[in-house]
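Below is one structure; the comments refer to it alone.
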Amino acid sequence: MKLSKIPGCLLALIFLFANPVAVNAQDTWTLQRAVDYALANNITIRQQEVQKRLAELTLKQSQLAQVPTVNLGFDGGLGSGRNIDPISNAFVTQSYFNFGAGASIGATLFNWFYQRNTISANKYQSNAQSFLLDKARNDVAFNIASAFLQILLNNEQVHISEVQVKLTLSQLENTKKLVIAGSVPESNQADLESKLASDSVQLVNAQNQVILSTLQIKALLNLGFDVPFVPQIPENIASIPLPRLSEVDPEMVYSAALNSNPLMKADEQLIKYSERSYAAAKAQLYPRLTLSGNANSSYATTSKNTFYTGVRTDTLNTPFGVADVDANTKYTVRQVIVSGTGAYTKTVPFFDQLNNNFRQSVGLSLNIPILNGWQARTNMQKAKVNILNQQLTKEQDNQKLRQDIYTAHANAVAAIQKFSASSKGVEASQRAYDFATKRFDLGLMNTIDYITTQSNLFKAQIDKVSAQYDYIFKMKLLEFYRDQKITL
């Protein structure tokens, strides 16, 4: 069924009572609750928290780098075939097992304060990340407040559209009775039905804007899109406290922002970080004195001890002389006693070998950089250029902050004037509409002119609400620049 074929009265009732905004008995969200939830769940804030944590770990590592290095090492292996005996350092052709253990210690005695400058640089970087985290929190809080105000504005426009639909619907019902009575032509009814359809479309658009602005704030909150979000609407939007224009003079706001804006503080810390990084890079051009010590031992199955068992005696019968007896050769035998010692070998025990082979060494080394492809000097020059880059970044941020504040002040002045003019416009349109209603009821005004007067009042009311919220937003923006916080 096409939308144009639905009767105007039924269409208006459907849109009026199907308002997704007017949901009762639901948990409502105040601005403070929304801000607190966003600070704990917003993705941008959580990413900045990760960056801050990384900077803290870098700082901690650079601090621990001052502690001497201590290392333990173990090795072992099997050898076969022709190899070098790890104990005698001679070639052997046999299978063996070897094991070694060692410990080393090293400490930097002097390196032209490279480590201290590195620690100082990382400390400034960590501080900068903390300020950038504060900036992310402030930005999210302001964006939440902006989205919250947008929802309130869209809700107000829905309310105005609902009133307009109800009013047009009432006029249409009254006109139908007059048409049946023959007091007014049927064309008046057709004009009001057309007006009702137009008002219903306005209501649908307003309701859709509420949905879109609600989705926007849910994205900022990192809230599930299926979770209902019903803002707590102030009873009187005009009661929201706003500073006077004299309290938010642009130059005064800028001076306050220089001392409180987290981005300005982060820029200062990053400049100091660059300066300390330059000092650390410069230290790499000079000699470095280090102390080292080693202790190690080894074990191998080729290391053996020889053991003797004592005296051993053997008797040997050896030929002594020859005699010819009856054509047979006869040998004269005598006994010879041979004496000696018995011996065998055994692998030296594991701990005995470790004790026997234990060796130590202590040394000093002086490393003098002479030619290394200009790497150290290039790093120093890059660090020096980075100081200039950070200074320019700070200058640019200062310039943008000042421009934003002056722009916000100019917009606030224009918003006040626009709100004042729109308020007068509503008053004038309301008087014109009241007179037109009396003339229309007396039959002195045709339907087209009456609808035009009514539409002018409707537009004036929408313009006033928009101007009021725009004025509130612009003043809150100046307040945010001054105090780095926002409240409703």
Side-chain angles (χ1 to χ4, degrees), residues 42-66 111-143 250-251 253-288 369 371-408 477 480-482 484:
N42 181 267
I43 295 177
T44 301
I45 293 178
R46 290 163 63 186
Q47 288 177 325
Q48 190 57 49
E49 288 175 345
V50 171
Q51 295 301 317
K52 179 177 180 293
R53 179 59 178 157
L54 291 174
E56 291 174 347
L57 290 174
T58 301
L59 172 61
K60 184 176 181 180
Q61 188 278 326
S62 61
Q63 292 172 335
L64 294 176
Q66 300 178 100
N111 62 351
W112 297 91
F113 308 108
Y114 167 78
Q115 289 180 329
R116 292 187 181 180
N117 286 317
T118 300
I119 292 172
S120 181
N122 292 335
K123 186 178 297 184
Y124 287 127
Q125 186 183 43
S126 179
N127 294 339
Q129 291 299 329
S130 297
F131 288 125
L132 290 176
L133 177 59
D134 292 338
K135 177 183 180 299
R137 289 170 174 166
N138 289 348
D139 290 346
V140 168
F142 178 77
N143 291 335
E251 196 61 33
V253 172
Y254 172 70
S255 298
L258 286 178
N259 297 323
S260 61
N261 190 287
L263 181 59
M264 300 299 102
K265 295 180 179 180
D267 285 340
E268 293 175 358
Q269 295 297 311
L270 288 175
I271 289 177
K272 294 179 180 179
Y273 161 76
S274 300
E275 292 172 347
R276 293 298 91 202
S277 296
Y278 169 72
K282 188 176 181 180
Q284 295 293 80
L285 297 175
Y286 302 107
R288 180 175 59 182
L371 184 63
N372 57 4
W374 281 268
Q375 182 177 359
R377 188 170 295 276
T378 301
N379 291 337
M380 182 192 70
Q381 292 172 347
K382 287 181 178 180
K384 188 174 183 178
V385 172
N386 193 47
I387 296 176
L388 177 61
N389 182 55
Q390 290 296 338
Q391 291 173 342
L392 292 174
T393 299
K394 180 184 177 182
E395 184 179 348
Q396 183 181 39
D397 290 339
N398 285 346
Q399 184 184 55
K400 186 177 185 303
L401 176 64
R402 194 167 195 169
Q403 179 182 358
D404 290 344
I405 291 174
Y406 272 84
T407 300
L477 177 59
F480 173 76
Y481 280 127
R482 184 190 64 185
Q484 291 301 303

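Residues S260 and A256 share a closest heavy-atom pair of OG-O, 2.9 Å.
Between L132 atom CG and L270 atom CG the span is 6.5 Å, to the nearest 0.5 Å. If you take CD on Q63 and NZ on K123, they are separated by 6.5 Å, rounding to the nearest 0.5 Å. Remark: Q125 CD to T118 OG1 distance equals 11.5 Å, nearest 0.5 Å. Note: K265 NZ to F131 CZ = 5.0 Å, rounded to the nearest 0.5 Å. Rounding to the nearest 0.5 Å places CD1 of I271 at 9.0 Å from CG of L392.
With sequence neighbours left out, the side-chain hydrogen bond (donor to acceptor under 3.5 Å, both in side chains) criterion links R276 to N117. In this structure, the ring pair (Phe, Tyr, Trp, His ring centres under 6.0 Å) partners of F142, at least two apart in sequence or on a different chain, are F473, F480. Partners of D134 by salt bridge (Lys or Arg N to Asp or Glu O under 4.0 Å), not counting sequence neighbours, listed by chain and number: R137. Under the side-chain hydrogen bond (donor to acceptor under 3.5 Å, both in side chains) criterion, N122 pairs with S62, not counting sequence neighbours. Checked against salt bridge (Lys or Arg N to Asp or Glu O under 4.0 Å), K282 has no partners two or more places apart in sequence or in another chain. Looking at residues two or more places apart in sequence or on another chain, you find a side chain to side chain contact (heavy atoms under 4.5 Å, CB included) between A408 and L477, L478, Y481. Checked against side-chain hydrogen bond (donor to acceptor under 3.5 Å, both in side chains), Q269 has the following partners two or more places apart in sequence or in another chain: N127. Checked against side-chain hydrogen bond (donor to acceptor under 3.5 Å, both in side chains), N111 has no partners two or more places apart in sequence or in another chain.
Not one N or O on the side chain of Q66 forms a donor-acceptor pair closer than 3.5 Å with the backbone of Q115. Remark: side-chain polar atoms of T393 are paired, donor with acceptor, to backbone N or O of N389 under 3.5 angstrom.
No more than 12 heavy atoms of other residues, nucleotides or ligands lie within 6.0 Å of CD in E395, so this atom counts as exposed by the packing criterion.
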Side-chain donor-acceptor pairs under 3.5 Å in residues 375-388, sequence neighbours left out?
unit_1: T378; atom_1: OG1; unit_2: W374; atom_2: O; d: 2.6
unit_1: N379; atom_1: ND2; unit_2: Q375; atom_2: O; d: 3.3
unit_1: N386; atom_1: ND2; unit_2: S274; atom_2: OG; d: 3.2

Result block: side-chain N/O donor-acceptor pairs under 3.5 angstrom for residues 45-61, not counting sequence neighbours:
unit_1: Q48; atom_1: NE2; unit_2: Q129; atom_2: OE1; d: 2.7
unit_1: K52; atom_1: NZ; unit_2: E56; atom_2: OE2; d: 2.5
unit_1: T58; atom_1: OG1; unit_2: L54; atom_2: O; d: 3.0

Can you give each donor-acceptor pair under 3.5 Å made by side-chain atoms of residues 396-406, sequence neighbours left out, with the distance rounded to 0.1 Å?
unit_1: K400; atom_1: NZ; unit_2: D404; atom_2: OD2; d: 2.9
unit_1: R402; atom_1: NH2; unit_2: E251; atom_2: OE1; d: 2.9
unit_1: R402; atom_1: NH2; unit_2: E251; atom_2: OE2; d: 2.8
unit_1: Y406; atom_1: OH; unit_2: E251; atom_2: OE1; d: 2.5

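Within the structure, ring pair (Phe, Tyr, Trp, His ring centres under 6.0 Å) contacts touching residues 254-287 (residues at least two apart or in different chains) are W112-Y286.
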